[in-house]
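Here is the structure we will look at.
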There are 2 protein chains.
Amino acid sequence: MTDEQGLRERKKQRTRQALSDTAIELFLRRGFEKVSVADVAAAVEVSKPTLFRYFPAKEDLALHRIADHQGEAARVVSDRVSGQAPLAALRAHFHARLDAHDPITGLNDDARVRAFNDMLYTTPSLLARLVRYSDRDEELLAGALVEAGDGDGLTARLAAAQIITVHRRLAEENWRKLAEGRAIADALPEAHADADRAYDLLGAGLGAEYDR
Amino acid sequence: MTDEQGLRERKKQRTRQALSDTAIELFLRRGFEKVSVADVAAAVEVSKPTLFRYFPAKEDLALHRIADHQGEAARVVSDRVSGQAPLAALRAHFHARLDAHDPITGLNDDARVRAFNDMLYTTPSLLARLVRYSDRDEELLAGALVEAGDGDGLTARLAAAQIITVHRRLAEENWRKLAEGRAIADALPEAHADADRAYDLLGAGLGAEYDR
DNA sequence: GAATCTTTTGTTACTCGGTTGCATTTTCCG
DNA sequence: CGGAAAATGCAACCGAGTAACAAAAGATTC
């Protein structure tokens, strides 16, 4: 029943976890750029090449938690109840994540989460890496949309691109609200409204505003 | 009448040009990652710190031409004839750039341009830098849309994000067509159709496909 | 449980992008 | 011409990431 995978595998997972945890700990305390990978490696008592065998780049030490959300949008579309439109499922899901104060929505006032988001949105190299994760997400979502039936490949890819982009923008928008010092109780209703606005635009187009 | 700015300024501009030109030359010949900045500096007979005084990062040596297009979308919106909708102006502009085989559309079969695009779309760090240029573009476009009157700030930012994203996707789509070996005469009509499809989606929304 | 095979690790040394401090040269300007 | 200001070169440095090879540790077989 337990997923016993042998001592070796267990150790590897523990090392991986320790590296990521320690790294984030240090990053939050001293800032991403003020911590060298050598520092992280030393703190975990591991050599530098070993660290890079676990994480391909310094940025991934900070982002691999986010990587766990990989393909979430695609999953929402694939797993939606039959009869529901993809966009409706995504909209509902986003609202739910908002209510759950999911960090990926940018709207979470836990001190550590906020510090993490601040770091994320103010460190160019982290943002760049985040975009690359988003690209993969977009690809997966496009696949799920094609699977969903309507539209050709191009339409699906365009739609996926727009959707993922809007998610990123909404998260950034929410983070900005908090960064401006607003309380989460104050910002949450607005965040819901923003999300609805965004999904209205996605669904009905920019036409009403910019095409006539 | 001439923009005589003194010997100093002229020399600086020439050095800058020489650096960019030589760098692109070398990048196209041997590949971006196989050329070190030291190589470029040596070829131009300039020291490494001097090179970095002209270009903040290696990627900018390759991309600063593209940077000249900075704010193009915003300009199209600002300069549109009165009475024309922003989205209509952007659509028309994109079609025009397509017909002009503008490299930024991805649809250009000149050997050097193709080589450059191949490099651009297959080198992660270049793509990452391109995204950062796009961010600036997006910001400017959002400003222009606010200026254009309709819609609040959030709507403008969302719209700008979607538009810039779609442009990137279309360019990538076009590049892919050529990369698959298709002739430009063959791909051009399809590119126009793709652009119309994309702008239809932007204007009328994903609704018809994914929201009901 | 020893012998062996395989995977993981550490060490050392390296490449490359980018920066710093300082002395030197070059342009500008009175 | 002479000196202030700007641009350059030099040398040394930092940090991310990699290569080579030897050492260690887990897995496997008898």
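So you know, we letter chains A, B, ... as the sequences are listed, proteins then strands, and number each from 1.
In summary, the side chains of A:R65 and A:S20 do not present any donor paired with an acceptor at a separation below 3.5 Å, with no hydrogens or angles considered.
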Task: Sugar-phosphate or base contact per nucleotide [nucleotides 13-24 of chain C; S, B, -; heavy atom under 4.0 Å] - done: ----BBBB----
Residues 160-168 of chain A, side-chain donor-acceptor partners within the protein, below 3.5 Å, at least two apart:
residue: A:T165; atom: OG1; partner: A:A161; partner atom: O; Å: 2.7
residue: A:T165; atom: OG1; partner: B:T165; partner atom: OG1; Å: 2.9
residue: A:H167; atom: NE2; partner: A:Y199; partner atom: OH; Å: 2.6

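Sorted by first and then second residue, the side chain to side chain donor-acceptor pair (under 3.5 Å) pairs involving residues 178-188 of chain A (not counting sequence neighbours) are A:R182-A:D186, A:R182-A:E190. Residue pairs meeting the ring-ring contact (aromatic ring centres under 6.0 Å, His included) criterion with at least one partner in residues 168-192 of chain A, sequence neighbours excluded, are A:H95-A:H192, A:Y121-A:W175. Each ring-ring contact (aromatic ring centres under 6.0 Å, His included) pair with one or both residues in residues 40-63 of chain A, not counting sequence neighbours, appears once here: A:F55-A:H64.
In this view, A:V46 and A:T15, A:V44, A:T50 satisfy the side chain to side chain contact (heavy atoms under 4.5 Å, CB included) rule, not counting sequence neighbours. With sequence neighbours left out, A:N108 forms a side chain to side chain donor-acceptor pair (under 3.5 Å) with no residue at all. Residues satisfying the side chain to side chain contact (heavy atoms under 4.5 Å, CB included) criterion with A:T123, sequence neighbours excluded, are A:F32, A:E33, A:M119, A:S125, A:L126. In this view, A:E147 satisfies the side chain to side chain contact (heavy atoms under 4.5 Å, CB included) rule with no residue, not counting sequence neighbours. Shown here are the side chain to side chain contact (heavy atoms under 4.5 Å, CB included) partners of B:Y133, two or more places apart in sequence or in another chain: B:D60, B:L63, B:A67, B:Q70, B:R129.
Distance, A:K12 NZ to C:dT7 C1': 8 Å, rounded to whole Å. Atom CG in B:L51 sits about 16 Å away from atom C1' in D:dC10, given to the nearest Å. The CZ atom of B:R14 sits 10 Å away from the P atom of C:dT27 (whole-angstrom rounding). The distance from atom CZ of B:F55 to atom P of D:dA7 is 15 Å, rounded to the nearest whole Å. Between the P atom of C:dC28 and the CZ atom of B:R10 lies a distance of 8 Å, rounded to the nearest Å.
Considering only side-chain N and O atoms, A:T50 lies under 4.0 angstrom from the phosphate OP1 or OP2 of C:dG10. Neither OP1 nor OP2 of D:dA7 sits under 4.0 Å from any side-chain N or O of B:Y54.
Residues from residues 115-125 of chain A that place a heavy atom under 4.0 Å from any atom of DNA chain D: there are none.
In this structure, B:R16 places its CZ atom where more than 12 heavy-atom neighbours from other residues, nucleotides or ligands lie under 6.0 Å away.
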At a cut-off of 3.5 Å, list every protein nitrogen or oxygen paired with a nitrogen or oxygen from nucleotides 25-27 of chain D, distance to 0.1 Å.
residue: D:dG26; atom: OP1; partner: A:K11; partner atom: NZ; Å: 3.3
residue: D:dG26; atom: O3'; partner: A:R8; partner atom: N; Å: 3.4
residue: D:dG26; atom: N3; partner: A:R8; partner atom: NH2; Å: 3.3
residue: D:dA27; atom: OP1; partner: A:L7; partner atom: N; Å: 3.1
residue: D:dA27; atom: OP1; partner: A:R8; partner atom: N; Å: 3.1

